[in-house]
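Reminder, nothing fancy here: chain letters follow the sequence lines and each chain counts from 1.
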Amino acid sequence: KQEVTQIPAALSVPEGENLVLNCSFTDSAIYNLQWFRQDPGKGLTSLLLIQSSQREQTSGRLNASLDKSSGRSTLYIAASQPGDSATYLCAVSGSARQLTFGSGTQLTVLP
Amino acid sequence: KAGVTQTPRYLIKTRGQQVTLSCSPISGHRSVSWYQQTPGQGLQFLFEYFSETQRNKGNFPGRFSGRQFSNSRSEMNVSTLELGDSALYLCASSLGSGSGYNEQFFGPGTRLTVL
């Protein structure tokens, strides 16, 4: 059974800092990995999708990497802003055609 | 292009009642998945529909059911509501075709409160 772990559970940084969020998964047989953002009480916004054959994806200030063999992914956020404050969720998909989510990292960027 | 829409956004029900939630996927998407989000269990997969057929089901009791219509819109039903069913119910849509697994796009969710 796939298990996804996200570390740290919570993170507070001053504005302007670069930061890294970590995600690990137990079964390397994945189709892809997706990073999401969730604001309080809202739905999930897709940030980046990395196919299993890819090593990284970039979108603006965000960069996600994937090391399938070691079961790890990182989300790098450059020059953080207060508007980046949210919960970041990592999810992997496999042959079961469903997403398995981590418990998320709650990020607070202080002005 | 319009995103995934879910109705209603908020619901309050009492134990024993039943409820139906609705999801309209992004135009052209044929797969709809449902997830339950609670503070204790996080996000858990309920089921996935593609072309009106349930392709996959999570580990939830039979009180949770769903269906998909020919226009890809989906409904999920929960019967005999329990307090523990209080949650944010999220719907996700994707193209659903081909090998592998497509990018999922989520709706704003329906907040269900069971009293």
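In this structure, chain B has a heavy atom under 4.5 Å from the side chain of Leu89(A), while its backbone stays farther away. Looking at Gln37(B), the atoms closer than 4.5 Å to chain A (heavy atoms on both sides) all sit in the side chain, from C-beta outward.
Residue-environment remark: CD (Gln106(A)) stays at or below the threshold of 12 foreign heavy atoms within 6.0 Å. Counted within 6.0 Å of CG on Asn59(B), heavy atoms from surrounding residues, nucleotides or ligands total 12 or fewer; the atom is thus considered open. The number of heavy-atom neighbours closer than 6.0 Å to CZ of Arg15(B), taken from other residues, nucleotides and ligands shown, is 12 or below. Residue-environment remark: CZ (Arg73(B)) exceeds the threshold of 12 foreign heavy atoms within 6.0 Å.
Following chains of ILVMFWY side-chain contacts shorter than 4.5 Å, one cannot reach Phe36(A) starting from Phe25(A), and the two form parts of different hydrophobic clusters. Under the 4.5 Å side-chain heavy-atom criterion for ILVMFWY residues, a single connected hydrophobic cluster contains both Leu81(B) and Leu21(B).
With rounding to the nearest 0.5 angstrom, the CD atom of Gln38(A) is 6.5 Å from the CG atom of Leu90(B). Between the CD atom in Gln98(A) and the CD atom in Gln104(B) there is a gap of 10.5 Å [rounded to 0.5 Å].
Phe101(A) has its ring centre less than 6.0 Å from the ring centre of Tyr35(B).
Annotation: side chain of Leu99(A) is not in contact with side chain of Leu43(B) (no heavy-atom distance under 4.5 Å).
Between the side chains of Glu103(B) and Ser46(A), at least one donor N or O lies within less than 3.5 Å of an accepting N or O.
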